[in-house]
There are 2 protein chains.
Amino acid sequence: MRQPPRKRIALIGSTGSIGRSALDVVRKHPGRFEVVALAASSRAGRLAEQAAEFKPRYAALADGAAGRNADLSGSGAKLLLGAEAVAEIAALAEVDIVLVAAVGIAGLAPALAAVRAGKRLALATKEVLVAAGPLLLAEARKSGAEILPVDSEHSAIFQCLQSAGARGSESVERLILTASGGPFRTATREKLARVTPAEALAHPTWTMGSKITIDSATLMNKGLEVIEARWLFDIPPARIDVVIHPQSVVHSLVEFTDGACVAQLGTPDMRVPIAYALTYPERWPLDVPRLDLAKLRELTFAAPDHEAFPCLGLAFEALKRGGTAPAVLNAANEVAVTRFLDGTIGFLDIPRIAEAVLNMHTIVGQPAIADVIDADTWAREQARSISKAHQAPGNRS
Amino acid sequence: MRQPPRKRIALIGSTGSIGRSALDVVRKHPGRFEVVALAASSRAGRLAEQAAEFKPRYAALADGAAGRNADLSGSGAKLLLGAEAVAEIAALAEVDIVLVAAVGIAGLAPALAAVRAGKRLALATKEVLVAAGPLLLAEARKSGAEILPVDSEHSAIFQCLQSAGARGSESVERLILTASGGPFRTATREKLARVTPAEALAHPTWTMGSKITIDSATLMNKGLEVIEARWLFDIPPARIDVVIHPQSVVHSLVEFTDGACVAQLGTPDMRVPIAYALTYPERWPLDVPRLDLAKLRELTFAAPDHEAFPCLGLAFEALKRGGTAPAVLNAANEVAVTRFLDGTIGFLDIPRIAEAVLNMHTIVGQPAIADVIDADTWAREQARSISKAHQAPGNRS
């Protein structure tokens, strides 16, 4: 059999949790992937290790100061510094697939660059679609770029949609996103008010970065995923549901107009959706732990508690308001999570701050990228200023 | 939008449970289906009612004697009598899709006729593939006929396989058939020895004909489905698993080589897989009850108990022996179920008789249709003869 050409990839955010899992997928298929470029935010040491192993042509650090300590000698990689260099890497002519897994809004510029250059964008940074979904999709339509989800939930939906049939989205009735519910799934508001960062970081099923782990605990992660799904799959918010599923085995479902539901399941392992985004429309073998339903014995489901976890409702509200509202919600939340993690504010202050900033915002209806960036910057400032006015956890109810 | 041509269908077994559900699907899409022919075994009165409503061009009764009482006046349908007439209906030039839902081996001749004529065969009668899988598939390859499953489990797998990707079956690792486990899921052998036909007919989740309901209680139904799946999806038996799932909500799953599983779920309603077999590759809206996972709360799974339910193992054994062995297992089981239902033998005598006949059989390796029919006839005779030697339920252990 003829050897197919290698898939040439650029990893933006290679030193984070998703980036490292992606490199593990690459490791399992030596000779079928070529890592053309690696980019990280500031972890120069880890980036140098990755460069030594994967021999990319380019390695970039968004934080130029951190780059001064980077030693890439021996890897053969050309070191590039600064956020603009990261975006350039995403548009390299010798790259087919750009995996964007940078944290938060930092993913926007490289994602946009990849899409404008007509690449396949494997998108792990949900904030990109949350803040600038319609813009990104408009650019993809122009360039012919594909946007493939890396989130386990959206990858699940993308996989299930393969079963939609000849009329495609016309036969889709509902998307059903599953949510683990996080570590405080059954907690009361009283309990939630006294939650510590360490408790919130102890996610029951997934091992992830700290920002997304806190977002899982507040359900803001699911709210952002609802917004992401709305753009990625071009479906009205009223046809997106969320169901709590503590085992994180059913990664999400699609309900079709004929009453059939199709779900994607598996043991929680991010390498599966990452690999799918890289290899689609093929599936390549992956030796991850297999699902054993008889051993699991039960899968449970429940409706989300909107009172204890208002972030989910805030996301639907931001979608309803439209324009820059989702970008503002996302930015305010990002600041609030940072403040919660450093002990400045309590757990329940996260939705309070997000809601307060959302309500203060004057929406820009059909925003350009500059409007999105402005809204993001404005929301961060507001969130920081409100955070200062809040007290440390334990002192609030 | 241009009106697509109507789907022209023939229903073989129209008065049974599947046939009536199929006509209910047709009722929901007036103008998109044309019922060209209806065929039943012996229920002349019900066939006449259906003919009056759906105005087919032909109506057939396999049992010519029963046909003498049929009154099709007013329907405009031409009445045909005898098993051969039923097979002729399956090959009519003016038919696109033949739904074969006749009970047991009676489905073989019309299924074969439909496949030879290059029709889409929507196959509900699992005994057809069980007894003559390789033959039917060879004919389908010659004529270009499609064989689409109507069983909820195989339809589920067929739907999940749409997600296999560009390399198709190469990316399939395992098929996982779910089994409700029937009404005696947790019963001991002692309890099973004293089960009555009425108890065995009380299926917890599906409303079906009596033969398949008993087969569900013995797990022979699942065994036959394993054999069916082996041919339908061209997969070695070692890569087919069965998991007990009492709620019958997950209709079956496919595990891919990348570790992802895709499942099809829904409330148990045969109209969904029937409609899919008729409308594939499209999905047409169907107002069946929707799945509500939060309301269901839990889905449970367990490994099958091979000691209490030996029929499942017998099916794998028959596949291993090959040739006419599956046909013999199926025929012996069919007789044993009839004898159980009329009170002649006990519940545990069903697998005993099936196993005994299987062990007595001299396998024909690559059987022609005549060999299959001969094996079927032989196995029935043996099963009848062994049944007579058995006592009524309650007297055995």
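Hydrogens, waters and symmetry mates are skipped; everything else that's a heavy atom, side chains included, is used.
For A:Arg271, no part lies near chain B; criterion is any non-hydrogen pair under 4.5 Å. Heavy-atom distances place both the backbone and the side chain of A:Val262 under 4.5 Å from chain B. Heavy atoms of B:Glu255 lying under 4.5 Å from chain A belong exclusively to its side chain. Only the backbone of B:Ala164 comes within contact range of chain A, with heavy atoms under 4.5 Å apart. When heavy atoms are compared at a cutoff of 4.5 Å, B:Tyr276 approaches chain A solely by way of its side chain, counted from C-beta outward. Heavy atoms of A:Ala275 lying under 4.5 Å from chain B are absent altogether. For B:Leu296, no part sits under 4.5 Å from any heavy atom of chain A, backbone or side chain. With a threshold of 4.5 angstrom between heavy atoms, A:Leu161 does not approach chain B through any atom at all.
The CD atom of B:Glu298 lies 9.5 Å from the CD atom of A:Gln247; values are rounded to the nearest 0.5 Å. Atom CD of residue B:Glu282 and atom CZ of residue A:Phe256 lie 13.5 Å apart, to the nearest 0.5 angstrom.
In terms of heavy-atom proximity, A:Ala294 sits nearest to B:Ala303 at CB-N, 3.5 Å. Nearest heavy-atom pair across A:Ala263 and B:Leu265 is CB-CD1, 3.5 Å. Of all heavy-atom pairs between A:Leu291 and B:Arg174, the closest is O-NH2, 3.5 Å.
Residue A:Asp258 is tested with B:Leu286, B:Val288, B:Thr279 for a side-chain contact (heavy atoms from CB on, under 4.5 Å); the sole match is B:Leu286.
Per-residue counts of heavy-atom pairs under 4.5 Å with chain A were compared for B:Arg290, B:Glu173, B:Lys295; the largest is that of B:Arg290. Interface remark: of the candidates A:Cys160, A:Gly259, A:Ser155, A:Ser171, A:Gly259 forms the most heavy-atom pairs closer than 4.5 Å to chain B. Interface remark: of the candidates A:Gly266, A:Gly165, A:Cys261, A:Cys261 forms the most heavy-atom pairs closer than 4.5 Å to chain B.
Within a 6.0 Å sphere centred on CG of A:Asp292, heavy atoms belonging to other residues, nucleotides or ligands number more than 12. Residue-environment remark: CZ (B:Arg297) stays at or below the threshold of 12 foreign heavy atoms within 6.0 Å.
A salt bridge does not link B:Arg283 to A:Glu170: none of the charged nitrogens lies less than 4.0 Å from a carboxylate oxygen.
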Practice problem: Would you please test B:Leu299 and A:Phe301 for side-chain contact (heavy atoms from CB on, under 4.5 Å) and show each step? | Solution: CA-CA 9 Å; B:Leu299 302 175; A:Phe301 303 90; 3.7 Å; yes
Exercise. Using the side-chain contact (heavy atoms from CB on, under 4.5 Å) rule, take A:Leu293 and B:Leu253 through it: C-alpha gap first, then chi angles, then the decisive distance, then the call.
Key: CA-CA 11 Å; A:Leu293 287 172; B:Leu253 309 86; 3.8 Å; yes
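For the pair B:Ser163 (side chain) and A:Gln159 (backbone), a donor-acceptor distance under 3.5 Å is present.
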